[in-house]
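Everything numeric in this text was worked out from a predicted model, so none of it was measured.
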Amino acid sequence: TVGAVALDVEGVICVATSTGGMTNKLTGRIGDTPVVGAGFWAEEWTEEGDPTSPHKNGSRNPLYSPGPAVVLSDALKRLIADCLPSPFLYTPTLQDSSGGLTTTRSIGVSGTGNGDSFFRVSAARTVGAIARYSSLPSVVALTKVAGPSGELQKSADDRWGKAGEGEGGIIGLELVVVRDASGNVVETRSDILQDYNCGGMFRAWIDEEGVAYARIFRKD
Amino acid sequence: QVQPRLIIHGGAGNITPASLGPERYVAYRSSLLTIVSKAHTYLTTPTQSNYNSPSSSSKLPSALEAATYAVTLLEDNPLFNSGHGAVFTRDGINELEASVMVSRGQAKRGVGVTGLRHVRNPILLAKKVLEHGKDDLLGRGKKLDNNTGDGEPDVPSAQGHTLIHGPTAEKLARQYGLEMVDPSYFFTQKRWDEHVRALEREKREQQDLLGAGTASGVSATWSKDEYLPQG
């Protein structure tokens with residue numbers, strides 16, 4: 001399977017995926033690639049405040065009105081810190097709702113791997129649902145599904161490591177647009193998402209400075 | 001305005017440095033870098049066609065155009081399991097699938113096509129079905145009167161359907177003017193050898209297991225010793 005996730009200048013995210021399917025599949029077997037929510041997903045939603053705002057070392061982002069900081073549990077902090085390249089601490093701030101910020105989040109993800117396992121957990125939709133309904137950064141949501149010991153791997157039960165059950169990876173993009181009470185954009189953030197639970201994933205991306213990266217393993 | 005971004009993948013699974021080897025590692029890596037750079041340049045360069053028409057200002061491609069362009073480059077590359085270089089079913093044929101979905105708009109946003117055997121770039125069919133279907137869904141459908149000359153009535157259009165299979169999908173591809181190819185276009189010796197080798201291994205191991213009187217848990221779709229694309 002191959003896939004691409006693009007974010008355009010208008011803030012729209014599109015996911016495109018194409019495949020020959022599984023080697024030696026039954027003729028007539030349909031995989032996850034053409035099935036919405038299994039092998040691909042894209043959506044946009046709005047939420048109060050900016051719960052996934054990144055804070056470095058706990059310092060408060062000047063964008064936020066002072067409010068009681070909801071400190072994340074250490075485990076969740078460790079999970080987020082493990083997933084992110086640099087030691088970010090997420091300290092969502094309860095937003096003073098009168099005249100607060102609103103955030104529009106968009107996400108697009110493309111999956112590859114054992115399609116029958118992606119069906120079983122509606123893998124692509126689950127990434128969006130965890131990000132949206134737990135107000136977690138999409139990078140964390142994606143790892144919870146496609147990362148080591150994530151939902152995909154768990155779906156294989158004792159068949160993990162046999163016949164490819166549960167194996168796979170997902171790539172994606174997230175866009176966060178924060179607006180003040182007057183609707184002015186005060187911040188936009190975009191994030192490259194990627195994780196897998198198997199030997200490797202062929203992938204490449206361009207970072208915000210325009211530098212191209214290609215990876216197959218974790219640290220190649 | 002938002003800074004355009006792009007990420008691509010070419011498959012995941014039981015890929016190991018040992019089974020890949022240095023030559024193929026370099027081949028995959030350079031293909032990925034070439035494709036992501038080409039697609040990113042496309043995404044961040046105003047489309048030429050707009051320059052010619054004085055009325056419209058030059059416009060950057062949409063995420064739909066950029067993502068599907070990137071996937072056509074991957075489909076055309078025999079290293080990856082899609083388009084030219086796709087894997088084979090147990091019966092030794094190629095059955096291709098593709099999908100697109102956009103994050104904005106509450107009308108139809110996602111489309112899948114499956115069971116394709118003659119469409120050179122399946123992702124372009126998914127894109128067309130999304131574009132046409134949305135028009136039809138919103139009542140702005142373009143009448144498709146370009147008869148394909150096969151003596152059968154045209155498929156009215158993709159309607160608002162989300163997942164379209166086999167012959168109907170391929171008929172739409174012809175009506176949309178997409179490039180159609182003979183199934184042999186998708187053949188590569190490497191994928192054929194994987195197909196045959198995995199079936200033979202399955203047969204051998206099943207005979208061993210039957211000889212030992214235990215149930216067969218062998219599959220021709222996956223190997224612990226080599227990377228067989230899973231889709």
Side-chain angles (χ1 to χ4, degrees), chain A residues 1-9 11-27 30-31 33-36 40-44 106 108 110 112-115 163-164 167-169 171 173 175 188 190 192 194 196 198-206 208 212 214 216, chain B residues 1-2 4-16 28-29 32-33 36-37 40 43 60 62-64 66-68 70-71 74-75 80-82 86-87 89-91 94 96-104 110 112-114 122-123 163 194-195 198 219-222 228-231:
Chain A
T1 305
V2 300
V5 186
L7 163 66
D8 66 23
V9 70
V12 178
I13 292 180
C14 176
V15 50
T17 314
S18 180
T19 187
M22 184 186 276
T23 304
N24 287 322
K25 63 185 178 182
L26 286 180
T27 299
I30 292 175
T33 291
V35 177
V36 181
F40 68 102
W41 182 255
E43 72 175 306
E44 181 179 278
S106 312
S110 171
T112 172
N114 181 281
E167 275 187 10
I171 63 165
L173 277 173
L175 173 70
T188 63
S190 64
I192 295 269
Q194 51 175 303
Y196 58 93
C198 44
M201 173 162 73
F202 301 115
R203 63 207 188 276
W205 68 96
I206 305 268
E208 285 172 313
I216 299 175
Chain B
Q1 293 213 321
V2 172
R5 304 292 301 271
L6 177 78
I7 183 170
I8 65 173
H9 75 73
N14 183 28
I15 307 166
T16 62
Y28 273 102
R29 187 175 155 75
L32 287 166
L33 284 172
V36 80
S37 304
H40 187 262
L43 174 62
L60 289 173
S62 69
L64 176 63
T68 50
V71 170
L74 288 156
E75 286 174 334
F80 302 105
N81 169 26
S82 68
V87 300
T89 72
R90 291 185 76 85
D91 304 315
N94 300 109
L96 310 181
E97 311 179 311
S99 59
V100 288
M101 189 167 192
V102 294
S103 60
R104 187 163 292 174
V113 287
T114 182
I123 199 65
L163 182 50
E194 285 171 358
H195 156 65
S219 150
T221 62
W222 182 80
L228 290 181
Q230 296 294 299

Side chain to side chain contact (heavy atoms under 4.5 Å, CB included) partners of B:Ala86, counting only residues at least two apart: B:Asn81, B:Asn94, B:Leu96

Part of A:Val36 within contact of chain B (heavy atom distance under 4.5 Å): side chain

Which bit of B:His40 comes within less than 4.5 Å of chain A, counting heavy atoms only: side chain, backbone, both or neither? side chain

May I ask you to name which of A:Tyr196, A:Trp205, A:Phe40 has the most heavy-atom pairs under 4.5 Å with chain B? A:Phe40

For A:Gln194, which atoms come within 4.5 Å of any heavy atom of chain B: side chain, backbone, both, or neither? side chain

Please determine, among A:Ser190, A:Ala212, A:Gly113, the option with the most heavy-atom pairs under 4.5 Å with chain B. A:Gly113

Interchain contact, B:Thr221 with chain A, by part (heavy-atom threshold 4.5 Å): both

Side chains of A:Ser110 and B:His9 only: does a donor on one sit below 3.5 Å from an acceptor on the other? yes

Determine the interplanar angle of the A:Phe202 and B:Phe80 rings, folded into 0 to 90°, and report it as parallel if under 30°, tilted if 30 to 60°, perpendicular if over 60°. perpendicular

As an exercise: rank B:Gly10, B:Ala67, B:Ser99 by heavy-atom pairs under 4.5 Å with chain A and give me the winner. B:Ser99

Check: B:Glu97 side chain, A:Gly31 main-chain N or O, donor-acceptor pair, under 3.5 Å: yes

I'd like to know if the side chain of A:Ser106 and the backbone of B:Ser103 have a donor-acceptor N/O pair within less than 3.5 Å. no

When you compare the side chains of A:Thr33 and A:Thr17, does any donor N or O come within less than 3.5 Å of an acceptor on the partner? no

I need the residue from B:Ala66, B:Pro4, B:Gly13 with the largest number of non-hydrogen atom pairs under 4.5 Å to chain A. B:Gly13

Just by modelled atom types, is the B:Val87 backbone N or O under 3.5 Å from a matching donor or acceptor in the A:Lys25 side chain? no

Could you tell me which of B:Thr89, B:Asp91, B:Leu32, B:Leu74 has the largest number of non-hydrogen atom pairs under 4.5 Å with chain A? B:Thr89

Measure distances from B:Leu228 to the heavy atoms of chain A and classify the residue's part below 4.5 Å as side chain, backbone, both or neither. both

